[in-house]
2 protein chains.
Amino acid sequence: MSHTLGARQVQKQKTRQALLDAALGLLEEQSLSSLGLREVTRAVGVAPTAFYRHFHSTADLGVALVEEALGSLHPMIAGTVSASGDSGERIDRAVSLIARHVREHPAHIRFIARERNGGVQKVRAAIAEQMARFTAEVRTELAGQPESVGWSDDDLLMLAGLYVDQMLMTAGAFLEATPGEVDQVAREATRRMRLISIGRRHWLD
Amino acid sequence: MSHTLGARQVQKQKTRQALLDAALGLLEEQSLSSLGLREVTRAVGVAPTAFYRHFHSTADLGVALVEEALGSLHPMIAGTVSASGDSGERIDRAVSLIARHVREHPAHIRFIARERNGGVQKVRAAIAEQMARFTAEVRTELAGQPESVGWSDDDLLMLAGLYVDQMLMTAGAFLEATPGEVDQVAREATRRMRLISIGRRHWLD
DNA sequence: CAAGTCAGTGAACAACTGTTACCACAAGCG
DNA sequence: CGCTTGTGGTAACAGTTGTTCACTGACTTG
């Protein structure tokens with residue numbers, strides 16, 4: 001979509017990415033509202049003023065982090081819901097996909113879980129918007145399944161929201177779990193999803 | 001349980017409560033990890049050093065806030081689950097009880113929702129402990145209901161956790177909702193709870 | 001190749017932070 | 001009553017913060 005950009009832009013993007021990475025690292029032990037601009041630049045090794053070339057404020061950086069963290073989740077969510085097999089197999093597959101994603105990108109999902117109700121309004125809004133997008137995607141995915149005949153659009157959206165929220169909570173539980181607790185978290189999450197699926201099957205009774 | 005304590009202790013408790021109240025107010029627009037000790041004392045109108053007479057740090061104050069905020073929730077949760085009537089009536093009652101509690105103590109539940117995944121480890125742990133206690137209470141409450149015959153203890157605990165998490169998420173949704181959206185949030189929460197209840201009814205099939 | 005653009009630098013600013021040591025003075029107690 | 005206890009206040013400390021201004025020098029463009 002864009003022709004090869006000059007060495008100038010490349011270097012700029014590299015610094016910008018370094019700022020994002022450093023911020024994500026620092027946010028493992030604090031919230032965005034306490035993240036200082038100087039703290040980030042110090043971790044990267046650039047002058048504090050360089051920050052302004054990329055972001056207006058740390059809140060702005062937070063919004064960029066939301067895009068980065070949730071952008072990579074779109075394919076996963078889609079793959080989770082549209083998997084083949086019966087209900088039980090799909091749930092197992094979904095839970096292990098979540099576990100893998102948390103293992104590979106812990107800082108990203110920690111950031112989302114933390115700032116979803118965090119102290120920075122713009123970041124909360126950005127996360128809510130992306131989550132609504134997820135929910136809508138899951139809804140259309142669910143709509144194509146045979147179990148969904150006779151469902152109203154509203155009810156499908158409700159079910160999708162329930163699934164999405166449950167996924168994020170499961171991811172958060174994986175994060176806090178010690179290595180020894182991971183299996184138990186997975187089993188609990190599986191049973192929760194199974195109960196929801198059972199509720200889905202009898203919703204129209 | 002304690003005999004009337006002297007005017008000394010009374011004044012101390014009053015200051016302590018003022019610090020807690022001021023902190024809760026300040027935390028509506030930021031997270032605990034960015035809350036400064038001086039900020040709190042300034043809001044109360046006492047010297048910064050007075051803070052140390054009551055708390056070691058702002059993290060300590062956060063733990064105290066957890067007790068205050070979740071202590072008042074115990075009776076509500078119990079009343080929610082053990083209400084009389086059929087499943088649908090109990091759900092409606094629970095949702096409106098949540099709505100009322102959010103309306104009356106918005107700062108408390110905002111604090112809990114925010115710091116549940118917040119940047120302060122000790123506060124996260126305190127919230128997790130209280131939530132586990134809630135879940136256990138709901139479990140024993142559920143165990144006494146006729147719908148629970150044949151359920152294993154593990155499955156009851158799973159269901160209780162699902163309910164408790166759903167309640168907190170509903171409370172959080174009420175918080176972010178504009179006055180015009182409140183009714184829609186209530187309806188969505190009701191439908192979610194209903195689906196879970198349906199899943200419960202057919203769990204042993 | 002000259003001119004201009006712009007990412008990053010360095011110094012300075014006023015304001016703020018947590019923490020310390022020391023003091024004042026009212027309450028509690030022998 | 002005198003003595004101790006302990007809440008709260010004052011003053012000062014070394015560091016930190018966000019933001020400004022003028023600057024350098026490598027890249028881009030005409």
Protein-nucleotides 3-5 of chain C N/O pairs under 3.5 Å:
unit_1 : atom_1 : unit_2 : atom_2 : d
C:dT5  : O2     : A:R8   : NH1    : 3.3

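- For the segment residues 12-33 of chain B, the set of residues with a heavy atom within less than 4.0 Å of an atom of DNA chain D comprises B:K12, B:T15, in numerical order.
- Legend: salt bridge (charged side-chain N to carboxylate O under 4.0 Å, His left out) pairs involving residues 90-99 of chain B, not counting sequence neighbours, sorted by first then second residue: B:R90-B:E147.
- Applying the side-chain contact (heavy atoms from CB on, under 4.5 Å) test to A:A132 and every residue at least two apart in sequence or in another chain returns nothing.
- Considering only residues two or more places apart in sequence or on other chains, B:F55 meets the ring-ring contact (aromatic ring centres under 6.0 Å, His included) condition with B:F51.
- For the ring-ring contact (aromatic ring centres under 6.0 Å, His included) test, residues two or more places apart in sequence or in another chain that qualify with A:F134 are A:H74.
- In this entry the distance linking CD of A:Q11 with C1' of D:dT28 reads 15 Å, nearest Å.
- Within the nucleic acid shown, B:A7 comes within 4.0 Å of sugar-phosphate atoms alone, with no base atom in reach, counting heavy atoms only.
- Atom CZ in B:F51 sits about 17 Å away from atom C1' in D:dG9, given to the nearest Å.
- Residue pairs meeting the side chain to side chain donor-acceptor pair (under 3.5 Å) criterion with at least one partner in residues 8-21 of chain A, sequence neighbours excluded, are A:Q11-A:T15, A:Q17-A:D21, A:Q17-A:E68.
- For the pair A:E129 and A:R133, the salt-bridge criterion is met [side-chain N within less than 4.0 Å of a carboxylate O].
- Partners of A:H105 according to the ring-ring contact (aromatic ring centres under 6.0 Å, His included) rule, which considers only residues two or more places apart in sequence or in another chain, are A:H101, A:H108.
- As a whole-Å value, the separation of A:Q9 CD from D:dC27 C1' is 11 Å.
- For A:R200, the side-chain hydrogen bond (donor to acceptor under 3.5 Å, both in side chains) partners at least two apart in sequence or on another chain are A:Q145, A:S148.
- Remark: A:E29 pairs with no residue by the side-chain hydrogen bond (donor to acceptor under 3.5 Å, both in side chains) rule, at least two apart or across chains.
- Among residue pairs with one or both ends in residues 157-167 of chain A, those qualifying as side chain to side chain donor-acceptor pair (under 3.5 Å) are A:R116-A:D165, A:Y163-A:S197, A:D165-B:R192; sequence neighbours excluded.
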Checklist outcome for this item: Its contact letters, B for base, S for sugar-phosphate only and - for none at protein heavy atoms under 4.0 Å, make nucleotides 12-20 of chain D read B----SBBB
